[in-house]
S.K.: 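One structure is given below, represented as structure tokens, and several questions about it will come after.
Predicted model only: the values in this text are computed from it and were never measured. Note that the numbering runs from 1 along the sequence shown for the chain. Below, each value reflects all heavy atoms present in this structure, side chains not excepted, and no hydrogens, waters or symmetry copies.
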Amino acid sequence: MACRGACCCGPVNEDNARFIMLLLLIILYLLCGAAVFSALEHPKEKQAKEKWAQRFELFSQKYNLNRSDLEKFLRHYEEANMAGIRVDTLRPRWDFTGALYFVGTVVSTIGFGMTTPATVGGKIFLIFYGLIGCAATILFFNLFLERMITVLAFVLKSCHEVQRRRKGVLPHDSRQDSSNARLNSEDSLAGWKPSVYCVMLILCVAAIIISCCASAMYSSIEGWGYLDSLYFCFVAFSTIGFGDMVSTQRASYENQTVYRIGNFVFILMGVCCIYSLFNVISIVIKQVLNWLLKKLEIPCRHCPGRSLRPRRNAVMPGHVRTRVRNISIDTDAVNDSETDGRRMSGEMISMRDFLAANKVNLAIMQKQLSETANGHPRPCGSTNRHNGFSGGVGALGIMNNRLAETSVDR
């Protein structure tokens with residue numbers, strides 16, 4: 001039966017297929033990770049439990065202590081430990097500098113867990129404080145990401161232009177025809193876009209350099225091993241924040257002020273860099289999903305002969321690429337006209353444009369949800385601008401605007 005007017009094999013179904021595949025891959029990834037960590041850590045856990053049971057029994061026998069009384073005392077120590085009391089002398093948790101460190105871990109979503117509010121008022125205040133602070137910090141990370149991509153795109157484009165000049169593709173400027181050469185250069189580079197893989201490589205190198213420098217500082221001042229310091233850097237920079245290792249917690253350090261400033265700078269730079277790297281990696285994962293969907297050629301049960309294919313600017317391994325461009329709704333046309341010039345020139349996006357772009361993406365998403373709920377799917381030939389997860393908002397929306405045009409042949 002032929003497809004008439006409207007068909008469900010459009011962008012919504014492609015997104016559903018990608019979503020289901022990503023969900024299955026994440027579940028498989030979790031199962032594999034659980035198997036690996038269980039194999040690595042479970043024997044150590046059993047060994048630690050056996051060692052503790054032996055120590056507990058020997059201690060109670062040596063000092064003739066009642067087992068239940070000793071367990072009760074240890075529970076009291078656990079409560080004190082949660083309040084920040086340690087055997088070794090540590091810095092105060094809730095003086096002004098300690099509280100400042102705590103709110104920094106809250107709004108950055110690191111949440112080491114070594115300091116937590118114990119009062120009812122503190123817990124209630126944390127809910128509202130974290131709600132606003134985390135949202136503001138995520139907005140800051142998004143704006144930092146956009147400016148990072150802008151700078152990298154400008155640098156890569158300049159390097160690309162210099163490389164083309166050396167190869168003789170672009171004419172060198174001269175006093176006689178400098179204006180013509182400049183115009184030819186701009187025309188030949190007008191459609192050039194940086195590769196997402198180059199940006200990912202640059203961010204990865206930057207993250208490694210920051211982590212290595214920070215690890216050298218932590219290993220020398222905190223007394224950690226270098227590998228443990230690298231582990232702490234990744235846990236902190238990625239905002240995982242286990243809390244098993246936390247910097248600047250001793251009561252005093254040599255050159256304490258300088259160390260605390262350096263710790264703040266490294267964590268800020270590391271979090272911003274890793275956040276940007278994660279978003280670029282998410283685009284690469286999306287491209288792999290597009291490639292897998294292309295290989296699977298999932299047929300549409302409503303339209304014989306049709307299959308769900310990746311859409312425009314889906315960069316896939318090898319030579320498999322699709323380049324389709326059809327503006328389907330008015331918001332797409334507005335987004336094209338307002339942002340294409342800026343993305344071609346590499347100009348940094350303003351706060352006003354950033355918020356306007358998010359409003360456009362939200363309008364697209366709301367329209368798609370409304371059409372799906374009302375049972376009126378979009379026509380077969382109607383394709384939205386899909387440079388990532390369609391209608392991406394926030395970080396994915398920024399990455400879509402900046403990097404998803406990588407399928408343009410250079």
S.K.: Can you find a heavy atom in the side chain of Q61 that is under 4.5 Å from one in the side chain of F56?
M.R.: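 A side-chain contact is absent here, since even the closest heavy-atom pair is not under 4.5 Å.
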S.K.: Among all residues two or more places apart in sequence or in another chain, which pass the salt bridge (Lys or Arg N to Asp or Glu O under 4.0 Å) test with E45?
M.R.: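 For E45 the salt bridge (Lys or Arg N to Asp or Glu O under 4.0 Å) partners, ignoring immediate neighbours, are K49.
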S.K.: Could you tell me whether a side-chain N or O of T137 sits under 3.5 Å from a main-chain N or O of V107, the two making a donor and an acceptor?
M.R.: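 Between the backbone of V107 and the side chain of T137 there is a qualifying donor-acceptor contact (under 3.5 Å).
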S.K.: Which heavy-atom pair separates Y101 from V246 by the least distance, and what is that distance?
M.R.: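 For Y101 versus V246, the nearest heavy atoms are OH-CG1, 3.6 Å.
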S.K.: Find the distance between CG (D69) and CG (L74) and round it off to the nearest 0.5 Å.
M.R.: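 Taking CG in D69 and CG in L74, the distance rounds to 11.0 Å.
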S.K.: Any non-hydrogen side-chain atom of M200 less than 4.5 Å from a side-chain atom of L277?
M.R.: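 Side-chain contact under 4.5 Å: yes.
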S.K.: Can you tell me if D228 and Y218 form a side-chain donor-acceptor pair at under 3.5 Å?
M.R.: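 Not at all, the side chains of D228 and Y218 share no donor-acceptor pair under 3.5 Å.
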S.K.: Look only at the side chain of N279 and the backbone of Y275, and say whether a donor-acceptor pair between them is shorter than 3.5 Å.
M.R.: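 Pair found, side chain donor or acceptor close to backbone of Y275.
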S.K.: So F140 and C272, side chain to side chain contact (heavy atoms under 4.5 Å, CB included) or not? Walk me through it.
M.R.: CA-CA 9 Å; F140 169 78; C272 291; 3.8 Å; yes
S.K.: Are Y63 and F59 near enough that their ring centres are under 6.0 Å apart?
M.R.: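 That pair passes the under 6.0 Å test.
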S.K.: Measuring only between side-chain heavy atoms, which start at C-beta, is L65 closer than 4.5 Å to F73?
M.R.: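 Of all side-chain heavy-atom pairs linking F73 with L65, none is under 4.5 Å.
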S.K.: What distance separates T97 OG1 from Q256 CD, expressed to the nearest 0.5 Å?
M.R.: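 If we round to the nearest 0.5 Å, T97:OG1 and Q256:CD are 8.0 Å apart.
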S.K.: For E222, what residues pass the side-chain hydrogen bond (donor to acceptor under 3.5 Å, both in side chains) criterion, not counting sequence neighbours?
M.R.: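 Testing E222 for side-chain hydrogen bond (donor to acceptor under 3.5 Å, both in side chains), a comparison that skips the adjacent residues, returns Y253, Y259.
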S.K.: Which atoms form the tightest heavy-atom contact between L126 and P117, and what is the distance?
M.R.: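 So the minimum-distance heavy-atom pair works out to CD2-CG, 3.9 Å.
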S.K.: With rounding to the nearest 0.5 angstrom, report the CZ to SG distance, F266 to C213.
M.R.: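 F266 atom CZ to C213 atom SG measures 5.5 Å (nearest 0.5 Å).
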S.K.: If you define the side chain from C-beta out and look only at heavy atoms, does anything of T116 sit under 4.5 Å from F102?
M.R.: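 Side chain of T116 against side chain of F102, heavy atoms only: no contact under 4.5 Å found.
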S.K.: Go through R165 and E161 one step at a time and tell me if the salt bridge (charged side-chain N to carboxylate O under 4.0 Å, His left out) criterion holds.
M.R.: CA-CA 6 Å; R165 289 185 185 281; E161 183 177 358; 3.0 Å; yes
S.K.: Decide yes or no on side chain to side chain contact (heavy atoms under 4.5 Å, CB included) for I110 and F112, but give the supporting numbers first.
M.R.: CA-CA 6 Å; I110 296 176; F112 285 122; 3.6 Å; yes
S.K.: What pair of heavy atoms forms the shortest contact from S238 to I274, and how long is it?
M.R.: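 So the two residues come closest at CA-CG2, 3.9 Å.
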S.K.: With a 4.5 Å cut-off on side-chain heavy atoms, are N255 and I221 touching?
M.R.: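 No - every pair of side-chain heavy atoms lies 4.5 Å or more apart.
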S.K.: Please report the C-alpha distance between N290 and R18 in whole Å, then the side-chain angles of each, then the deciding distance to 0.1 Å, and finally whether the side chain to side chain contact (heavy atoms under 4.5 Å, CB included) criterion is met.
M.R.: CA-CA 7 Å; N290 285 338; R18 184 184 292 109; 2.5 Å; yes
S.K.: Is there a side-chain contact between L203 and M148 in this structure, where contact means two heavy atoms from C-beta onward sitting under 4.5 Å apart?
M.R.: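 SC-SC contact between L203 and M148 confirmed.
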S.K.: I would like to know whether I285 and L22 meet side chain to side chain contact (heavy atoms under 4.5 Å, CB included); could you show each step before the answer?
M.R.: CA-CA 9 Å; I285 293 175; L22 180 60; 4.2 Å; yes
S.K.: Atom CG in L145, atom OG in S276: separation rounded to 0.5 Å?
M.R.: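 Rounded to the nearest 0.5 Å, the CG-OG separation comes out at 4.5 Å.
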S.K.: Take atom OH of Y226 as the centre, draw a 6.0 Å sphere, and report whether it contains more than 12 heavy atoms from other residues, nucleotides or ligands.
M.R.: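 Yes - once you tally the heavy atoms of other residues, nucleotides and ligands closer than 6.0 Å, there are more than 12.
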S.K.: Is any side-chain heavy atom of S195 closer than 4.5 Å to a side-chain heavy atom of V199?
M.R.: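 With C-beta onward as the side chain, the pair stays apart.
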S.K.: Where do M217 and S220 come nearest, in terms of heavy atoms and distance?
M.R.: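 Where M217 meets S220 most closely, the heavy atoms are O-OG, 2.9 Å.
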S.K.: Quick one: pull up SG in C198 and NE2 in H160 and give me the separation to the nearest 0.5 Å.
M.R.: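 C198 SG to H160 NE2: 10.5 Å, rounded to 0.5 Å.
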S.K.: Tell me the closest heavy-atom pair linking S215 and L230, and the distance in Å.
M.R.: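 The answer is OG-CD2, 3.1 Å.
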S.K.: Kindly indicate whether the side chain of M21, heavy atoms from C-beta on, has any atom under 4.5 Å from the side chain of L25.
M.R.: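 SC-SC contact between M21 and L25 confirmed.
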S.K.: Using distance alone, with no hydrogens and no angle criterion, decide if T150 and E146 have a side-chain donor and acceptor under 3.5 Å apart.
M.R.: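 T150 vs E146: donor-acceptor pair found between side chains.
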S.K.: Return the minimal non-hydrogen interatomic distance between I210 and C273, and the atom names on each side.
M.R.: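 Shortest heavy-atom contact: CD1-CB, 4.3 Å.
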S.K.: Is it true that D244 and Y231 share a donor-acceptor pair across their side chains at a distance under 3.5 Å?
M.R.: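 Yes - a donor-acceptor pair under 3.5 Å links their side chains.
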S.K.: Quick one, E71 with R67, criterion salt bridge (charged side-chain N to carboxylate O under 4.0 Å, His left out). Give me CA distance, side-chain angles, the key distance, then yes/no.
M.R.: CA-CA 6 Å; E71 290 177 348; R67 185 181 182 89; 3.5 Å; yes
S.K.: Between CD1 of I267 and OG1 of T105, what distance do you get to the nearest 0.5 Å?
M.R.: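 Taking CD1 in I267 and OG1 in T105, the distance rounds to 9.5 Å.
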S.K.: Where the side chain of S38 meets the backbone of A35, is there a donor-acceptor pair that is under 3.5 Å apart?
M.R.: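 Checked: no pair found.
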